Each structure stands twice: as structure tokens, then as C-alpha cells.
A.B. asks: 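First, the structure itself, so that you have it in front of you.
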There are 2 protein chains.
Amino acid sequence: MSNALNKPHLVRPATLERVRAQIDRLGYLPSQAAQGMRSQRAGAIGIEINAVHRGASDVAQPFLTDLTVAAPRHDVHLVPFAHGSRFPAVDGYRDMVRRRLVDAFVLADTHTGDPRPEWLLGAGIPFAAFGRIYDHPELGWWADVDGAAGTAQAVEHLHDRGYRTAAYLGWPLHKDDSEVADTRREGWLVRARELGTAGPELTCEQDLADATLAARTLLDQLDPGDAVVCASDLIALGVMYAAAARGWRIGPDLGVVGFDGSLTAARHGLTSVSQPLPDIADTLLGLLTDQLAGTADDPGGRLLTPTLTPGPSTDRTTEATAYTPLPAPGNRR
Amino acid sequence: MSNALNKPHLVRPATLERVRAQIDRLGYLPSQAAQGMRSQRAGAIGIEINAVHRGASDVAQPFLTDLTVAAPRHDVHLVPFAHGSRFPAVDGYRDMVRRRLVDAFVLADTHTGDPRPEWLLGAGIPFAAFGRIYDHPELGWWADVDGAAGTAQAVEHLHDRGYRTAAYLGWPLHKDDSEVADTRREGWLVRARELGTAGPELTCEQDLADATLAARTLLDQLDPGDAVVCASDLIALGVMYAAAARGWRIGPDLGVVGFDGSLTAARHGLTSVSQPLPDIADTLLGLLTDQLAGTADDPGGRLLTPTLTPGPSTDRTTEATAYTPLPAPGNRR
DNA sequence: CAACGAGTTTTGAACGTTCATATGAACGAT
DNA sequence: ATCGTTCATATGAACGTTCAAAACTCGTTG
């Protein structure tokens, strides 16, 4: 009766029909455990949840959702696990494969000096990383958002909408994720110079208060009709705050573009460069199943292009007050 | 050699030591698949991710993190799955247990009219719900936050901090989650009456723009020195916006308390009633493993008490401008 | 009519764990 | 020396799936 399921071509149609009927009647479904035992595969992918920094990243949790959605397409399920759980650090990764709880891992939140890629490579444990593998980009498989393309799109969008200059508020370049910071800035700079709309730039931490403070300084160098491209939605929110405090209407007076396409952006009517998280999730799982099947290409990375999601924050024509809760009537100056 | 692991008491100490040495040397760990096959248990708990509403709820995603952290304590792992995936709606739940991919489910985001509890009860599939099972509260196991205790704490906190009255901005009572809305309001009303600090109340949707609009109306009935208790952090953010637009300093002029203890609250320096998510996660997994082991008490629910996380938004003494990016210098009126 | 072959179906082994049962060893009592 | 008795270890079956190999059924051919 197993042939009916697995090799339908070499079973007589009549028998096949009979078996199918019984399967339907009994509601039979093959046991994951038994299949896993026979195939020596767990059919599962591990994904580490950062329980320490919680929602520090606006994308980590939506990314998990996209992985979950993509998983069935690749005939796997996900097994999330957390820091500070029974599986601490790298040892935990090894133990999970030893137990055959998972076959491979998706690595999120990679950063420079991240010990995991090197260790997993050494242990021969398959993985695919969201974000480039900084120390050995050519040794493993990864996918990342094309940050430069994203900020370039933002600059073009602002130009199309008629904003005079595009300033930039980004991250300092000495951080862990300096490559991300660098790439996003580069995309803005190159395209803005091409279009002749490059404005001043400044950096700040990934923190609302710091972003607002920095934005205040940046806005000193701008006038109504200008715009700001930001390295993240949180920073963009800070810019909106600083602008509103100054009495500028977001949209008509100041264009603001964030990065990530986070819930924060949606809630505040912020135009944002949306990370292609569904694509990235699907790509990573594909890279993993290829590795497991032994049909993988050479190691390497793929850059996926983000898309710009327009919102009222770059709409000059609107008398926009509905979307932004900030402007106080008569507070403009 | 299996005895050594499972029944160490009836094996000779010397042999046990010898076996242990080999286990360490070979890095042996029992196979999840084989164990699952023998025990007829997957050792896994399914949890549905709402991929449609994404981060609509500020707690759903942190809750998943807490479940992940709690899982190892109960000797299970999690298997998240999503709407619109291969396992659609209730059929998907049944198929997952048929495949022995999971033994039971945690239900999040239950609401009135939710078909899942009834269906799972009928199918005999064990589950535990975050949030009461509205239609059959006595038939299943659930855990929920004690909303009334939370808003009562908020009222007390505001009273302690010397705010004159505690107004309330909540949800309309005709919604799906009307019981949640009702409970939170009740906690505010009862305690505020006891303390003689009950102010006006108003309702709005779980939406930033709507909350800001409603807050504007509510603030018309308040004066500096008053405070507002809110049904959620998002609503509280709207209150902060409306107050800032009016030139009131959050904290010194107006106390604001949110509900959920979300990242939004933390980012904006908002005092908030923090949901006891780690407790809830742990409780639910405990209820599930008890059910699976057959040692469960009678079905029923448990209310867990939230804790108040103070922030600058209820700090009257501070000349607070650092935390809140909103107040524009000289905009007060 | 026996031998062959193609098309179908049945059988049996293996995956790794657990647990009940069987076997073995050691020792004191008959 | 034989028989129990106890404690320790070894054996084997079962869980459900898959797949190779064996067996069976026919119609065809030498």
C-alpha cells in the first residue's frame, strides 16, 4: 500500500483507486516520526529567536512569520528556539542536529564577529543566513536585502514627487552592522548626486530619542520642500517628530522615507523601503533544501531588491493631517 | 545501553560509568524521530501564526518568543504554522496531529465566535488558549491576563503619583473582544471610584489616528494634572500625541498609562501595564503537558496578574523632555 | 506445454528507541 | 553438588515508513 502513495505509476489504476478510497475513509496521513526515521531527515529547519533583544529589530519577528508561511512550500516545518534556553549558543545548534530535531538552520541577525557561521561551517551543519556572512561571505549561502537599491529608490521617489533635496540620516559606520549602514548610505549618495538632489547627512543610533535629537540638527540645515531619507523606520519616526515639533507638515513641507517597511511605518503613514522578507524567506529555505538534497550551487549570496511602499509622508499635495497625529494647529513657525 | 539512560537505578555503577563515557565520547543523543515513533508522541506543540494581520497585535509576536523560551522547560518544541499555508483553518489542525507533527496546540488570539475551540474539543485534540474560550469557558483550558487588576493597578499608580483624576480611553464594547474591553474598563472604573479619581471616559478603535482624534476630545474635558488610563499602548500613544499637540508635557502635565507592556511603550517612555507573557506561556504549556500526561485538573481558566512598568509618562517631577520626542519648545498654550 | 517476460503485488528488512522478557552470573542454602 | 534467589545484562519485539527484492499472475513464444 505504500507503493500507491510513492510510486503511483507502477500500480494498477484499479488498485490505486481502491487504496485511495481506504486512505480517505480512514483519514490516513503518514507519520512524520516514522518518515523521519526512515529518511534520516527531520524535515525541519531551526531558527534562533533572540529573546534578549526582543523586538529590537523591527524585521526579525515579521521575518519569522514569512519563514513560517514559506516553509510548507519547501516541505519543511520550522522549529524556533531561543537564547538562554536548553540549547545555549553554538552547542545547542549541534545538539539539535544530533537529536535530528532539525536538519539545518536559518541564521537571522548575523553581524560582524558572529561566531555562528564559522562554527557551523566547521561542524558541517547546513545553514543559510539572512544578511551576509561577514567574515566568510564566499563560504556559505546567504540572502540579503539590496540596501543601496533601496535608498536609491527612495531618492528617485522623492525626486519624482518634487522634493528639492534628499538629506540622509543614517547609522554611524563603526557599528557591528557597518556594512549595512554603508550600503544604504551609498545608495542614497550615488543616486542623489546623479539627480543633483544630495542634501546634508548625519548619523544617529537606532534609538528614537537619539534620532529625534539628530533630526533636529539635520532640519536646521533644511527648508520646507526638502526631504530626508532614513536608514530605518525608527529613525524616520524621529525625523517626523522633530519636524512636527518645528511645525512642519510631514508630506507637504517635508518628505520622509524610512527603511524596513515595518509596522511602525504603516502605523504612522510613513513611506518606507520595504524589505522583501517573503522573498528572502523563500530564498533561504530554497538554499537550504538544495544543500540538503546535494543539488546546491556554489556557496554565495543573493541580493534581493526591496520595494518602496508610498505613504502620506511623501505626499506633497495632501493637506495631510489625517494620517499624522502630530501637527498641532497653529503651531507652525 | 538504553537502561543506562532510562533506568540508572538498576544498572551497576561501574557499567553506568562505562556507558556514560562512550556516550560522551561519541556525542550520542537520542533521535527525536525514533523516540517519537516509540512513544507515539511528537513532543511538539503547534502554534498558529496570524500571517494576515501581521503585527496587528502588539503582543502576539512577543508571546511567541516567550513560548519558545518556555518550551524546553516542558520538554517540547514548538512548530509554528500560518494561515494560508498548506494547513488551512481547522482541517490543518487535524492533519497536523494525524501526521503526528504535533501533539497539541496553543491557541492565541481567541475571540468570540472563534470556531477553533469548539472544533478542537469535538475532535478531541488537546489545546490551551491564551485568552478565555468565549463560547465554552468551562470546557477547555485557558489562561489570560487579569485585565481588571491591570487597569486597577494603573489607577493606583496614578493616584500614588499625585494625578488628580484618571480618565479612561478604551475600546467600544460591541467588538469581538468585548469581554477584554469590558474587563479592562471595569478595573479602571471600580478602583477609580474607590479612590475618588474617576474621570471621563471615551472609546476608540485600535488605531493610532482614531485614538489621537478621540484623545483630543477627551483632553477637552481634562486639565493639566490629570491622567489617562488606556486600553492599549497604541491608544496611549495617541493620547500622547494629542497632549503634545496641545503643548502639554507628558508626565508633568498629563499622566498616561498604556496596556500591554509592548515595545511601543518602551520606545516612547510610556508607563504600561505589562502582560505577564512569560507566565502565560509557561502556564499554557504546563496545562498542555498535563493534558497529554492525563494528569490534568478539571478544565478551566487561570487569570494571571500583570505588572505595572513605570516610565517617564507618569513622572510628574521630571522636567521630562528627554524621553518624549514630542513637545515642541514654546508650543505650549 | 514449458519457458520466458512484463506487469503487479507481497514480503521483509532497516531506521533508533524503549520496555518487557529472557538469559546469565554470583552466592548462600539445602 | 543442586537448587533457589537476587541482581545485572542481553535479547527481541514493536512503533510506521520506505524500498529493494521476491513472488505471483498472465499472456506470449519457442
Side-chain angles (χ1 to χ4, degrees), chain A residues 1-44 46 72 74-77 79 86 94-104 125-126 289 292-295, chain B residues 1-44 46 72 74-77 79 86 94-104 125-126 289 292-295:
Chain A
M1 66 174 78
S2 84
N3 281 340
L5 266 178
N6 303 332
K7 324 225 164 154
H9 55 283
L10 47 74
V11 77
R12 197 164 43 131
T15 333
L16 197 150
E17 192 46 51
R18 204 159 40 87
V19 175
R20 284 253 169 84
Q22 289 299 313
I23 285 178
D24 283 357
R25 202 172 58 80
L26 300 172
Y28 166 87
L29 283 178
S31 143
Q32 179 80 12
Q35 284 183 320
M37 188 160 171
R38 176 108 236 281
S39 67
Q40 304 290 9
R41 281 273 155 77
H74 300 270
D75 284 312
V76 297
H77 59 268
V79 175
R86 165 177 305 176
R94 187 201 48 198
D95 287 355
M96 286 180 80
V97 292
R98 284 225 180 113
R99 294 204 55 177
R100 291 203 179 286
L101 219 177
V102 302
D103 301 314
I125 297 173
T289 47
L292 292 172
T295 62
Chain B
M1 66 175 78
S2 85
N3 281 340
L5 266 179
N6 302 331
K7 323 226 165 153
H9 56 282
L10 47 75
V11 77
R12 199 163 43 132
T15 332
L16 197 151
E17 192 47 51
R18 202 160 41 85
V19 174
R20 283 250 167 84
Q22 288 299 314
I23 285 178
D24 283 358
R25 201 171 60 79
L26 301 174
Y28 165 86
L29 283 177
S31 144
Q32 179 81 11
Q35 284 182 321
M37 188 160 170
R38 176 109 238 282
S39 66
Q40 305 289 10
R41 282 275 155 76
H74 299 270
D75 285 312
V76 297
H77 59 269
V79 175
R86 161 176 307 175
R94 188 201 47 200
D95 288 356
M96 286 179 80
V97 293
R98 284 226 181 109
R99 294 204 56 178
R100 290 202 179 286
L101 218 178
V102 302
D103 301 313
I125 297 173
T289 45
L292 292 172
T295 62

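On a predicted model such as this, the values are computed, not experimentally measured, just so you know. To find a chain, count down the sequence lines: A is the first, B the second, and so on, and within it residues start at 1.
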A.B. asks: How many Å lie between OH on A:Y28 and C1' on D:dT17, as a whole number?
C.D. replies: 7 Å

A.B. asks: If you compare all heavy atoms of B:A34 against all heavy atoms of B:S31, which two are closest, and at what distance to 0.1 Å?
C.D. replies: N-OG, 3.0 Å

A.B. asks: Check side-chain hydrogen bond (donor to acceptor under 3.5 Å, both in side chains) between A:R100 and all other residues, then give those that pass, not counting sequence neighbours.
C.D. replies: A:Q40

A.B. asks: So, using side-chain contact (heavy atoms from CB on, under 4.5 Å) as the criterion, who are the partners of B:V97 when residues are at least two apart?
C.D. replies: B:V102, B:F105, B:I125

A.B. asks: When you measure from the side-chain N and O atoms of A:Q35 to the phosphate of D:dG16, is any distance below 4.0 Å, counting only OP1 and OP2?
C.D. replies: no

A.B. asks: Just the rounded figure in Å: distance from P of C:dT18 to CG of B:L29.
C.D. replies: 12 Å

A.B. asks: Could you run down the sub-3.5 Å N/O contacts of the protein with nucleotides 13-15 of chain C?
C.D. replies:
| unit_1 | atom_1 | unit_2 | atom_2 | d |
| --- | --- | --- | --- | --- |
| C:dC15 | O3' | A:Q40 | NE2 | 2.5 |

A.B. asks: If the condition is side-chain contact (heavy atoms from CB on, under 4.5 Å), which residues does A:R18 pass it with, not counting sequence neighbours?
C.D. replies: A:T15

A.B. asks: Find out whether B:D75 and B:T289 are in side-chain contact, i.e. whether some heavy atom of one side chain is under 4.5 Å from a heavy atom of the other.
C.D. replies: no

A.B. asks: Looking at A:A42, is its backbone amide N or carbonyl O close enough to the side chain of A:Q32 to form a donor-acceptor pair, meaning the two atoms are under 3.5 Å apart?
C.D. replies: yes

A.B. asks: Just report the end-to-end axis angle for the helix from C:dC1-D:dG30 to C:dT30-D:dA1, five pairs per end, to 10 degrees.
C.D. replies: 100°

A.B. asks: Once you round to the nearest 0.5 Å, how far does OG1 of B:T295 lie from CG of B:L292?
C.D. replies: 9.5 Å

A.B. asks: Could you check how far CG of A:L101 sits from C1' of C:dG16, rounded to whole Å?
C.D. replies: 15 Å

A.B. asks: Whole angstrom is fine here: how far is it from CD1 in A:I23 over to C1' in D:dG16?
C.D. replies: 14 Å

A.B. asks: For B:Q22, which residues count as a side-chain hydrogen bond (donor to acceptor under 3.5 Å, both in side chains) partner, sequence neighbours excluded?
C.D. replies: B:R25

